[in-house]
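Counting from 1, the numbers follow the sequence of the chain as shown. Please read these numbers as outputs of a predicted model, since none were measured by experiment.
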Amino acid sequence: VFVSDPKLYAIMGPPGEAIEKVGLKGLASGDAQISPDHANFIVNNGHAQAGDVLRLIATARHSVAERTGIAMLAEVRHLLPDGT
């Protein structure tokens with residue numbers, strides 16, 4: 001989900017490790033979940049909606065930034081139905 005950042009590596013390691021270190025590995029929102037196997041993945045456990053995924057992305061970004069001062073950049077892009 002998140003881009004690797006050398007500054008984050010120096011403080012906490014890769015994004016998945018940083019997310020795990022702030023205690024979010026396995027966190028769910030609706031049917032979306034930060035993977036219990038690799039925290040830099042979000043899985044759909046059946047009927048996840050975009051909002052579920054976006055909430056998890058926002059929570060992970062906020063929690064890691066709060067601990068490190070580094071805002072993780074998402075690799076994924078969210079497009080509206082009209083393509084913008």
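When side chains are defined from C-beta on, M72 counts as touching L8, because their heavy atoms get closer than 4.5 Å. In this structure, I34 and F41 have side chains that are not in contact, with every pair of non-hydrogen atoms separated by 4.5 Å or more. Residues L73 and D5 have side chains not in contact (no heavy-atom distance under 4.5 Å, counting atoms from C-beta outward).
The two residues S29 and R55 have their closest heavy-atom pair at OG-NE, 3.2 Å. Looking at every heavy atom in both residues, A48 comes nearest to A32 through CB-N, 3.6 Å. When all heavy atoms are compared, the tightest approach of G16 to A39 is O-CB, 3.3 Å. Summarising the geometry of K21 relative to M12, their closest heavy-atom pair is NZ-O, 3.1 Å, with the distance given to 0.1 Å.
Expressed to the nearest 0.5 Å, how far CD1 of I70 lies from CD of E66 amounts to 14.0 Å. To the nearest 0.5 angstrom, Q33 atom CD is 8.5 Å from L56 atom CG. To the nearest 0.5 Å, atoms CZ (F2) and CZ (R61) are separated by 6.5 Å.
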*Test side chain to side chain contact (heavy atoms under 4.5 Å, CB included) applied to S63 and L24, step by step*: CA-CA 9 Å; S63 296; L24 299 179; 3.7 Å; yes
*Begin from the C-alpha positions of I42 and V76 and carry the test side chain to side chain contact (heavy atoms under 4.5 Å, CB included) through to its verdict.*
CA-CA 11 Å; I42 295 177; V76 296; over 6 Å; no
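The side-chain contact (heavy atoms from CB on, under 4.5 Å) check on D82 picks up L80, T84, with sequence neighbours excluded.
The environment of Q49 atom CD is sparse: at most 12 non-hydrogen atoms of other residues, nucleotides or ligands sit within 6.0 angstrom.
The hydrophobic clustering, which links ILVMFWY residues whose side-chain heavy atoms are closer than 4.5 Å, places I19 and I11 together.
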